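This report refers to the structure that appears directly beneath it.
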Amino acid sequence: MPARRTIGVDLGGTKLLAGAVDPRLGVHHRVQRTVTGLRQRALLDVAVDAVAEARESAGAEVAAVGFGLPALIDRRTGKVVVGVHTPLANLVFADVMAERLGLPVFVDNDGNNSALAEHRAGAARGVSEAIVLTLGTGIGGGLILGGQLYRGARGGAGELGHMEIDFDGNLDDDNCPGRGCAEMFASGRALEREATRLAAERPDSGLARALATGRTLAGPLVTELAHDGDPAAIEAVELIGARLGVVITSLVNIFNPQVIVVGGGVIAAGELLLAPARAVVAARTFPFFSEELRILPARFGVEAGMIGAAALAYDGLAELEAAAR
Ligand SMILES: [Zn+2]
C-alpha cells in the first residue's frame with residue numbers, strides 16, 4: 001500500500017491550524033492562518049487555501065481531510081447547528097468542503113477531535129474509558145467510552161463545559177442557554193476573572209502590578225506569574241484547579257474512567273492546576289473510583305484538535321472502504 005496522508009484542520013474562532021498527518025499521527029507539514037472576524041465565504045476560502053498548501057507539501061498522496069469546528073454538528077444531516085464564534089450555522093460543512101476540495105471530508109466538534117487524538121496517540125492511549133477536558137477560553141471535551149469516542153444521539157455528546165453545576169447561576173458567555181455552566185467557573189476566562197478580582201484585593205501582588213501596567217490578566221500571563229511564584233497568581237490557578245476537581249468528580253462518579261486528560265491553554269499551569277484538582281477528587285469521590293484513576297496533562301498542546309481531525313479522516317476513510325467492499 002502506498003504511503004498516504006490525511007489533512008487535519010482545526011478551525012477555531014481566531015485561527016486555523018492545518019497539518020498533513022501520517023497514519024501513525026505524525027505531523028509532516030503545518031499551515032496556520034488567522035481567521036478572526038471573517039464572514040462565512042472568506043472563512044471557507046481561507047480553509048480551502050490552507051488545505052491546498054498542506055496538500056502540496058504533504059510528501060505523499062492525500063486521501064481525505066478532517067475538520068474540527070467549535071460547534072454542534074448534527075451527524076444525521078451534517079449541518080452545523082450552533083457555530084460558537086464561527087459563522088458556519090446551517091452549513092452542511094462536509095459536503096460543501098468535499099465539493100470544493102475534491103476529496104472526502106469528515107467533520108466533528110473540536111473537543112471530540114482532541115479526545116480522539118489523546119486516545120489514539122496521547123495521554124489516554126490504550127485506555128478504554130477516558131475523559132478529555134480542554135480548558136481554553138471556555139471548556140471543551142470528549143468522552144471515550146468502551147474504547148470509542150461517544151457521540152450521543154445527534155452527535156453533540158461531550159459538551160463537558162456546559163455541565164450545569166449551579167442551580168441558578170449566570171447565563172453562559174458562550175452562546176449557550178445554560179445558567180451555571182462549568183466553563184463559567186473553571187475555564188481560562190474564569191481564571192482571568194478570578195485573577196482580576198484577586199489583583200484588586202491584593203494591591204502588592206504581582207497580579208496587581210501587572211494590571212497596573214495596563215495588561216489584561218489573561219490565562220497565559222496569570223500562569224507565568226504563578227510559575228514565577230506570585231502568591232496571588234498561584235491562588236487564582238489553585239482556585240481554578242480546585243473547581244476543576246469538582247467538575248472531574250462529577251464526571252468520575254458518572255463514568256468511572258481510568259484516565260482524565262486535561263488539555264487546552266490553561267494546562268500550561270501544569271501541577272499548579274492538577275494538584276488541587278486531584279486533591280478535591282480524592283476528597284469528594286469514593287475511593288472505589290479514585291484509587292485507579294489517573295488525572296494527566298494532555299500530550300498534545302495546541303495541535304490536539306488538528307491531529308484528532310486527521311485521525312477522524314482516517315476513521316472516515318476506513319468506513320468508506322469497508323462499505324465499498
Ligand atoms: Zn453552557
Side-chain angles (χ1 to χ4, degrees), residues 1-12 15-33 35 43-80 83 86 88 91-122 125 142 144 147-151 155 158 300 302-325:
M1 198 166 144
R4 67 176 182 178
R5 309 255 193 267
T6 64
I7 292 171
V9 185
D10 190 35
L11 187 46
K15 66 174 186 288
L16 173 154
L17 193 59
V21 178
D22 67 38
R24 302 180 69 180
L25 303 187
V27 182
H28 293 264
H29 184 79
R30 293 166 174 82
V31 180
Q32 194 172 324
R33 297 278 194 276
V35 298
L43 184 63
L44 296 180
D45 288 347
V46 168
V48 167
D49 182 67
V51 169
E53 186 187 325
R55 195 175 181 179
E56 270 170 36
S57 310
E61 180 213 348
V62 168
V65 183
F67 280 87
L69 307 178
L72 293 173
I73 298 147
D74 191 329
R75 290 185 63 78
R76 298 173 304 190
T77 62
K79 266 191 191 170
V80 177
T86 308
L88 298 172
L91 195 68
V92 184
F93 185 86
D95 289 1
V96 168
M97 292 308 280
E99 170 109 19
R100 290 195 59 175
L101 295 168
L103 285 169
V105 170
F106 306 92
V107 61
D108 203 346
N109 173 269
D110 52 1
N112 282 352
N113 285 344
S114 295
L116 202 57
E118 292 296 334
H119 183 236
R120 293 290 161 79
R125 189 172 181 174
I144 304 292
Q148 302 274 337
L149 185 70
Y150 178 76
R151 291 192 168 92
F300 299 111
V302 294
E303 294 193 335
M306 179 260 278
I307 292 167
L312 173 76
Y314 280 111
D315 286 1
L317 274 179
E319 273 179 37
L320 286 182
E321 287 163 3
R325 242 175 255 130

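Counting from 1, the numbers follow the sequence of the chain as shown. No experiment lies behind these values; they were computed from the predicted model shown.
A distance of 7.5 Å separates CG of Leu25 from OG1 of Thr6, quoted to the nearest 0.5 Å. For the atom pair Arg75 CZ and Asn109 CG, the distance stands at 11.0 Å (nearest 0.5 Å). Atom-to-atom distance recorded for Asp315:CG and Leu320:CG is 11.0 Å, nearest 0.5 angstrom. Rounding to the nearest 0.5 Å places CG of Asp49 at 10.0 Å from CZ of Arg100.
Thr77 places a side-chain N or O within 3.5 Å of a backbone atom of Lys79 that can act as its donor or acceptor partner. Under a 3.5 Å cut-off, the side chain of Arg30 and the backbone N or O of Glu303 do not form any donor-acceptor pair. Of the possible polar contacts, none joining the Arg5 side chain to the Ala20 backbone as a donor-acceptor pair under 3.5 Å is found.
Other residues, nucleotides and ligands contribute more than 12 heavy atoms inside 6.0 Å of the CD atom of Gln32.
Closest approach of Pro104 to Ala63, counting heavy atoms only: CD-O, 3.3 Å. Closest approach of Ala115 and Leu149 over heavy atoms only: CB-CD1, 4.0 Å. The heavy-atom pair separating Lys15 from Val35 by the smallest distance is N-CG2, 3.6 Å.
With Pro70 as the partner, the side-chain contact (heavy atoms from CB on, under 4.5 Å) test is satisfied by one option alone out of Asp110, Val80, Leu88, Asp10: Asp110.
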